[in-house]
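Residue numbers begin at 1 in each chain, while the letters A, B, ... track the order of the sequences.
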Amino acid sequence: MPELPEVETIKNELAPLVTGRRIKSVDFLWAKTLVSPSIPEFDARVTGKLVKSLERRGKYLIFNLDSGDSLLVHLRMTGSFLSGTGKSVPSGHTRAVIRLDDGICMYFIDPRKFGKFQLVDDLRVKALDKLGPEPMAASFTSAVLIKLLEGRKGPIKAALVDQEFIAGIGNMYADEILFESGLNPLRPSDSLAAEEMKRLYKAIKQVLKRAIENKGASISNYFRPGGEKGTAHEGFKVAHRKGDCPVCGGPIKRIVVRQRGTYFCPVCQA
DNA sequence: CACTTTGTTTCCAC
DNA sequence: TGTGGAAACAAAGT
């Protein structure tokens, strides 16, 4: 399930394959994958263009073209990329094929069809503008987090998965971060003591950093461009776990916060 | 067949 | 007007 560490891994591993190459064609095997513009206009603006660079913002992967246009790929739930040579489609869940020069192909594989492609002429679009700060950026300091938390009502878990609050964190990393901080997911955001906010800040940086080092979490359908899986999920303490707390041995509890399954240890996260 | 999964969108109350 | 919560939605797996 692509969240920040998974999209970052895809970006890092795809970049050497695609930067400096020209796009020969993009085929959509699932029409709804492209949200805008129309397919004919998309083809006209993309074919023959050079991929200048790849970047990531939140859960968006961004292909910057030499024409100034950018292809935004919103990776959501089950989306990932597989690189190949274009002979055959590697999976029945392939939703789009980006063909580059020298026979390089990138397959967008997305079993649940939630991922979206969008071509824009300016990165100042609503989808990106609304995103909160990048948690891994050096500019995301504990002072920034404290500022965000003050006056914010509602459970801390809800804040962490809110893309306008912080970009790139989804359900599973929110659970891991809260476990690492020893904070109950239902604690109101503005109720944290200074020391708790410090712990939360450290946990955000640490959980994401470790997950990036482990090339993302391969829960359900995520894999890397070369076909390998990530191993970050092997280190998960509570997210998607059914068993007992690895620290205190008590049962992990599952509750629902903002309509989302939330795993936590009621003892360690009192 | 009901339920789960994640993020966005829409709607409603305050 | 902003904020926040709940529900609906998208699609497929179990």
Classify the nucleic acid contact of [X] as base, sugar-phosphate or nothing, counting any heavy atom under 4.0 Å across all strands shown.
| X | answer |
| --- | --- |
| A/Q259 | base |
| A/P155 | sugar-phosphate |
| A/F165 | nothing |

_Centroid separation under 6.0 Å, is that true for the rings of A/Y263 and A/F179?_
no

_Please tell me if A/Y263 has a side-chain N or O lying less than 4.0 Å from either OP1 or OP2 of B/dT4._
no

Can you check the [X] [atom1] to [N] [atom2] distance for me, whole Å?
| X | N | atom1 | atom2 | result |
| --- | --- | --- | --- | --- |
| A/D190 | C/dT3 | CG | P | 14 Å |
| A/D175 | B/dT5 | CG | C1' | 13 Å |
| A/R258 | C/dC9 | CZ | P | 20 Å |
| A/M77 | B/dT5 | CE | P | 9 Å |

*Of all the choices, C/dA11, B/dT6, C/dG4, which nucleotide is nearest to the side chain of A/N171 once you look at every atom?*
B/dT6

*Check if the side chain of A/R260 and the base of B/dT5 share a donor-acceptor pair of N or O atoms closer than 3.5 Å.*
no

*Sidechain-backbone polar pair: A/S191 side chain, A/R187 backbone, donor-acceptor under 3.5 Å*: no

*Is NZ or CZ of A/R95 both nearer than 6.0 Å to the six-membered ring centre of A/F108 and within 45° of the ring axis?*
no

*Run the salt-bridge test on A/D101 and A/R21 with the 4.0 Å N-O cut-off and return the result as yes or no.*
yes

*asked:* Stacking between C/dA10 and A/F114, yes or no? Criterion: centroid separation under 5.5 angstrom, plane angle under 30 degrees.
replied: yes

